[in-house]
Amino acid sequence: MSTRAESLHAYIRDRRWFGGKGREFTVTDVRRLGAVPGHATSPIVVDLVELTFDDGSGQAETELYQLPMVLVTDPDTRLDHAFVGWWEDPDHGWVHAYDAIHDRSSMTLFLKAFASPPADDAGITFVRVPGHEIDLDAIPAPFSGEQSNSSVLFGDDSVLKVFRKITRGENPDITTHRALTEVGSTHIAALYGWIEARSDDGSPLHLAMLQEFLRTASDGWEIALASVRDLFSEGDLHADEVGGDFAAEAARLGTALAEVHEQLRDAFGVETVKAASVADQMNERLDQAVEVVPELGEHADRLRGAYTALADLGDFPVQRIHGDLHLGQTLRTIKGWKLVDFEGEPAKPLAERMLPDSPWRDVAGMLRSFDYAPHAMARSMPEDDPAVVAQRDHRAEEWAARNKAALLAAYAGDPEVLAGPALTHDEGVQVAAYVADKTVYECVYEARNRPSWLQIPLAAAARVGTP
Ligand SMILES: Nc1ncnc2c1ncn2[C@@H]1O[C@H](COP(=O)(O)OP(=O)(O)O)[C@@H](O)[C@H]1O
Ligand SMILES: O=P(O)(O)O[C@H]1O[C@H](CO)[C@@H](O[C@H]2O[C@H](CO)[C@@H](O)[C@H](O)[C@H]2O)[C@H](O)[C@H]1O
């Protein structure tokens, strides 16, 4: 028989959403945040599990993970895949605990709680945003594309994104969506509500977000890959001649991003930042990245050149931004492009992700994605003939350049200009520095998560500063 802590350890360790893969940790605390009422026999509870990572350096780190669970007295074989453990629960005695995300009746009660919020002493609060009549009878189904969090779809009406790693304080996914929903932005999935609790120090714990389900959505990354596939299969045609040309979509993405940035400026305001201090942070990030990816050292001079040019700008404006924008965070619907997942860069502490930043960081994220798409596609089509490889490389550059130009021109307000300088000198310097910084981040991300893709950002680092 294992203890509650051992069961939680084993369950969390193997989950896709667990961010500490490969690191040793122990479960050092379990705090019951509250309960969702309504289940006749099986309590639904929300626990906050504290994990402590100790790599032996003497500096233990803790992280909090959220686990909504349904506690039943007899095993439920339908939920075998979501079995967390069997233990003596402090409030409910001997129970079999299952991850509630996978339990339809638990998730129905989560949804209904938005309409009839539990009493104040339930520990968790369901907040509803006015403006949408939630379909309370919609059937829940966990999202198959589970990533860093767990999402549950309710019919074709709404999605509940349950944050797994929890940080004390506000979650920018909620606060940014809320502000954009209030101004009626057409480039996001509207916020319908959220769930929160209080931390022991009184600060908010944002637990989940209920938002519009974009039922006609196609993933921007997949659409871009399809366009590249089309181009690669027509070796002698140019990017503007093949059926799947993406440039008009890239331009629409640029326009959508510009609108969202403007709405975020109106909602959260604008500040100025010293360019030299931003350049210092980029240099520091590069120093740390070279420790993880030593090959980056070969390109350090050209990367630092981009940061020096940035430092020379003096001051520049910063504002609330998306923070981790790439094609995988864009969805094409029949009503245009939508941006999702405003949580910011996963590697940064939450407090840092909320800080105003340059909108050019988001633009740079998209430009990097236009480099990734053709190179990722080329990797998935192994080829021995050097002539075909060279032709593809050439086409890949062409595809990336065409779509980058289209996005930049539209972002800068001129979607007709598909080539030539759409940006001022200062804007160009910022784009170059943020592209360099994102490339460095990607090298570390790939080295840790997908080493076989490391070559994509490394090759880009070698090109920084070249036209
Ligand atoms: N409102 C929505 N409607 C439809 N699909 C969505 C919606 N929000 C996200 N998605 C899809 O789910 C995926 C994961 O969402 P995301 O917010 O990025 O979650 P995570 O934080 O778990 O990575 C997205 O790439 C997108 O394909
Ligand atoms: O979506 P997340 O918030 O988890 O973002 C992380 O993972 C992304 C990969 O899924 C990573 O994006 C990089 O790879 C993409 C292709 O898979 C590419 O389109 C992006 O341009 C590239 O940065 C992202 O950087 C990371 O934060």
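We count ligands from 1, going down the list as the structure has it; atoms in each ligand are counted the same way.
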| remark: Here the atoms of ligand 1 under 4.0 Å from any heavy atom belonging to A189 are 1 (N)
| field | Side-chain donor-acceptor contact under 3.5 Å, S150 with R164 | value | yes
| said: Taking 4.0 angstrom as the limit and counting only heavy atoms of E343, give me the atoms of ligand 1 inside it, by number and element. | reply: 21 (O)
| said: Just by distance, no angles: are the side chains of E259 and H187 close enough, under 3.5 Å, to form a donor-acceptor pair? | reply: yes
| Candidates T125, L160, I174 - the one meeting side-chain contact (heavy atoms from CB on, under 4.5 Å) with W194 | I174
| field | Pair H206-D173, side-chain donor/acceptor within less than 3.5 Å | value | no
| said: Quiz question: by atom type and distance under 3.5 Å, do the side chains of E170 and T175 form a donor-acceptor pair? | reply: no
| Would you say S151 and ligand 1 have an N/O pair spaced under 3.5 Å apart? | no
| query | Which atoms of ligand 1 have any heavy atom of Q329 under 4.0 Å away? | reply | 18 (O)
| Atom CG in N403, atom CG in D371: separation rounded to 0.5 Å? | 11.5 Å
| task | May I ask you to check whether H261 and Y411 place their ring centers less than 6.0 Å from one another? | result | yes
| said: Geometry only, no angles: is A217 polar-contacting ligand 1 at N/O separations under 3.5 Å? | reply: no
| field | Within the 6.0 Å centroid threshold, strictly below: H177 and F342 | value | yes
| Who are the residue neighbours of ligand 2 when the rule is a heavy atom under 4.0 Å from any of its atoms? | W221, D324, H326, Q329, P346, R368, S369, Y372, K438, Y441, E442, Y445, R450, W453
